Amino acid sequence: MTEPDVDGVDEALALVGGAPTHLAASSPPGHRGTPWSQARAIAARAGRGVTPRTRRVPLGEALGRVLAEPLTALTDLPSFDTSAMDGWAVAGPGPWEIRTGDAVLAGHGAIPALPDGVAVRIATGARVPADTTAVIRSEHARAEPGRGDRSGAGPGGGHLYARHEVVPGQDIRPRGQECRTGDALLPATTVVTPAVLGLAAAAGYDELAIVEPPRVEVLVLGDELLTSGVPHDGLIRDALGPMLDPWLRALGAEVVAVRRVGDDAEALYEAVTGTGADLVVTTGGTAAGPVDHVHPVLRGAGAELLVDGVQARPGHPMLLARLTPSQYLVGLPGNPLAAVSGLLSLAEPLLRGLAGCRAPEPYWASVRDGVQGHPHDTRLVPVVRRAGEAVPLHYAGPAMLRGLAAADGLAVVPPGGARPGDALEVLDLPWTAPVSAPVPAQGGCFT
Ligand SMILES: Nc1nc2c(c(=O)[nH]1)N[C@H]1C(S)=C(S)[C@@H](COP(=O)(O)OP(=O)(O)OC[C@H]3O[C@@H](n4cnc5c(N)ncnc54)[C@H](O)[C@@H]3O)O[C@H]1N2
Ligand code: MOO
């Protein structure tokens, strides 16, 4: 499928570190595939081109989803002038006569306005009476009891003295300090984090309009795959079914099915043409071997190939096809790390668009060790973060998952490689992103 000369070095590159080769970055004549960045951009554009389905869900079901509409304040926040401290509401200059029987508590209704020269006990979060000049926190005031009540707050009244200068408005949170009704609090495309849920509740929401998660069907190809037990007799364990389901959910997808279709071209055709999913992800069968059915099936199904091979290692046979105007297929190569490369290169940007998510800011880290480059292609290399640097991991061959399983991300190594200290883009894994929200049990768009 690709030129054998450069393919020959691929496994070796994946296993060793060492000095960069700094060979020419331009594609040789006949070199196949779309440049890596361009392929990602095509996938992202395809995802953004589909109008997402939206629905309203109770707050409790919105975690991890993406806002389909801006979050607009349904109320002023605070919605009334609020005491920020436990203490005294006072009006006018002191000392103040303590009004008895009128402690103002959070959640209670309005109490009469305060005339000048009067103080009343108030609790944090309570509505400040009309005409209040300031709140004096208890530790900054001295109450002198009146006759018949030594506490000063009882029916006997008494007088209140400030221990410090009183500044008008002190310790009062004025109505609308955080927002006014109708203010835009968050734009559509915001991922609903626990903090967003809190803000939405405070701003008066019971439900949120969210983008429906894109429905994804995974088709695992290959007659050689076992679903349990130890590999034997040339059969191996399916490593991709168990990995892709939760990974896709962490990327904001609803995985409607993971189906094993073997090396049966007809079954694959039926599955691809009959799917109700927004995205079909296939694993294996992307190359040109005798049972590599993905290309012929896509041709038979009249699919449009948007990306047919990418200048990326591992994973160069990855592909992206449009099945119908609103349905896509990402073909992941069968080698497990190559499949992950395809997942992050094509499926992730596509899903982001389908899920209505914004792309995250690219994240760069300086690489501790030199990384051997591929002569012409971008390499994705598992790395772990150590003391602010990205450390490339071993066991990163296309068929291996040992390096990936210990990794925090995949470093994007340009053709020619990287020297120690070079800054490389790092693709975060959805469960390790330093600035992302946690992955909830039901999935969500958290990267
Ligand atoms: N003549 C050529 N042969 C190959 C080329 C090439 O350019 N020319 N590219 C190689 C590269 S690179 C890759 S990657 C693979 C991609 O092949 P396929 O997508 O067709 O994948 P398969 O042949 O089905 O499988 C490859 C490999 O991965 C194993 N596999 C498949 N599915 C799973 C799974 N679910 N879990 C674990 N392992 C899986 C499969 O047994 C094979 O060992 O093609 C190369 N060949
Ligand atoms: O080596 Mo292949 O690049 O995609 O696994």
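Computed from a prediction, not measured in an experiment: that's the story for all the values here. Start at 1 and go down the list; that is how both ligands and their atoms are numbered.
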Contact check: His316 vs ligand 2, nitrogen or oxygen atoms, below 3.5 angstrom: yes
Region of Arg237 engaging ligand 1 - heavy atom pairs below 4.0 Å: backbone
Ligand 2 atoms in contact with Asn335 (distance to a heavy atom under 4.0 Å): 5 (O)
Set of salt bridge (Lys or Arg N to Asp or Glu O under 4.0 Å) partners for Glu178, sequence neighbours left out: none
Proximal ligand 2 atoms for Pro314, defined as those under 4.0 Å from one of its heavy atoms: 3 (O), 4 (O), 5 (O)
Inter-residue atom distance Thr124.OG1 - Leu105.CG, 0.5 Å rounding: 10.5 Å
Close-contact set for ligand 2 against Ala338 heavy atoms, below 4.0 Å: 4 (O), 5 (O)
Salt bridge (charged side-chain N to carboxylate O under 4.0 Å, His left out) between Glu217 and Arg259, worked out: CA-CA 8 Å; Glu217 187 169 1; Arg259 295 170 55 195; 2.9 Å; yes
Any side-chain heavy-atom pair of Leu67 and Leu208 under 4.5 Å: yes
Polar atom proximity, Ala239 to ligand 1 (N or O, under 3.5 Å): yes
Donor-acceptor pair, side chain of Asp264 and main chain of Ala267, under 3.5 angstrom: yes
Part of Leu225 with heavy atoms under 4.0 Å of ligand 1, whether side chain, backbone, both or neither: side chain
Per-atom contacts, ligand 1 versus Pro333 - under 4.0 Å to a heavy atom: 14 (S), 16 (C), 19 (O)
Closest candidate by heavy atom, reference atom 2 (Mo) of ligand 2, pool Ser341, Gly315, Ala399, Ala339: Gly315
Short N or O distance, Gly285 and ligand 1, threshold 3.5 Å exclusive: yes
N/O separation below 3.5 Å, Gly334 to ligand 1: yes
With Arg175, the side-chain hydrogen bond (donor to acceptor under 3.5 Å, both in side chains) member among Asp76, Asp81, Thr75: Asp76
Electrostatic pair Glu389-Arg385, nearest N-O below 4.0 angstrom: no
Student check: side-chain heavy atoms of Val135 and Trp88 closer than 4.5 Å: no
Polar atom proximity, Pro398 to ligand 2 (N or O, under 3.5 Å): no
Check: Thr283 N/O within less than 3.5 Å of ligand 1 N/O: no
Straight-line distance of Leu351 CG to Leu248 CG, nearest 0.5 Å: 6.5 Å
Ala338: numbered ligand 1 atoms lying under 4.0 Å from its heavy atoms: 14 (S)
Donor-acceptor contact below 3.5 Å, side chain Thr82 vs main chain Phe80: yes
Where ligand 1 meets His316 - atom numbers and elements under 4.0 angstrom, heavy-atom basis: 7 (O), 9 (N), 12 (S)
Atoms of ligand 1 close to Asp292 [distance to a heavy atom under 4.0 angstrom, numbered from 1]: 20 (O), 23 (O)
The single option from Leu279, Leu319, Thr282, Val307 passing side chain to side chain contact (heavy atoms under 4.5 Å, CB included) against Val330: Leu279
Mode of Ala287 contact toward ligand 1 - side chain, backbone, both, neither (heavy atoms, under 4.0 Å): both
Arg55 vs Glu212, salt bridge (charged side-chain N to carboxylate O under 4.0 Å, His left out): CA-CA, chis, key distance, verdict: CA-CA 7 Å; Arg55 73 184 146 112; Glu212 292 236 37; 3.1 Å; yes
Residue portion contacting ligand 1 (non-hydrogen atoms closer than 4.0 Å) for Leu240: both
Region of Pro317 engaging ligand 2 - heavy atom pairs below 4.0 Å: side chain
Ligand 1-proximal atoms of Ile236, by part, heavy-atom distance under 4.0 Å: side chain
Atom pair CG (Leu343) and CG (Leu251), whose distance is rounded to the nearest 0.5 Å: 6.0 Å
Distance filter under 4.0 Å to Asp238 heavy atoms, resulting ligand 1 atoms: 34 (C), 35 (N), 36 (N)
For Glu224, atoms of ligand 1 separated by under 4.0 Å from a heavy atom: 31 (C), 40 (C), 41 (O)
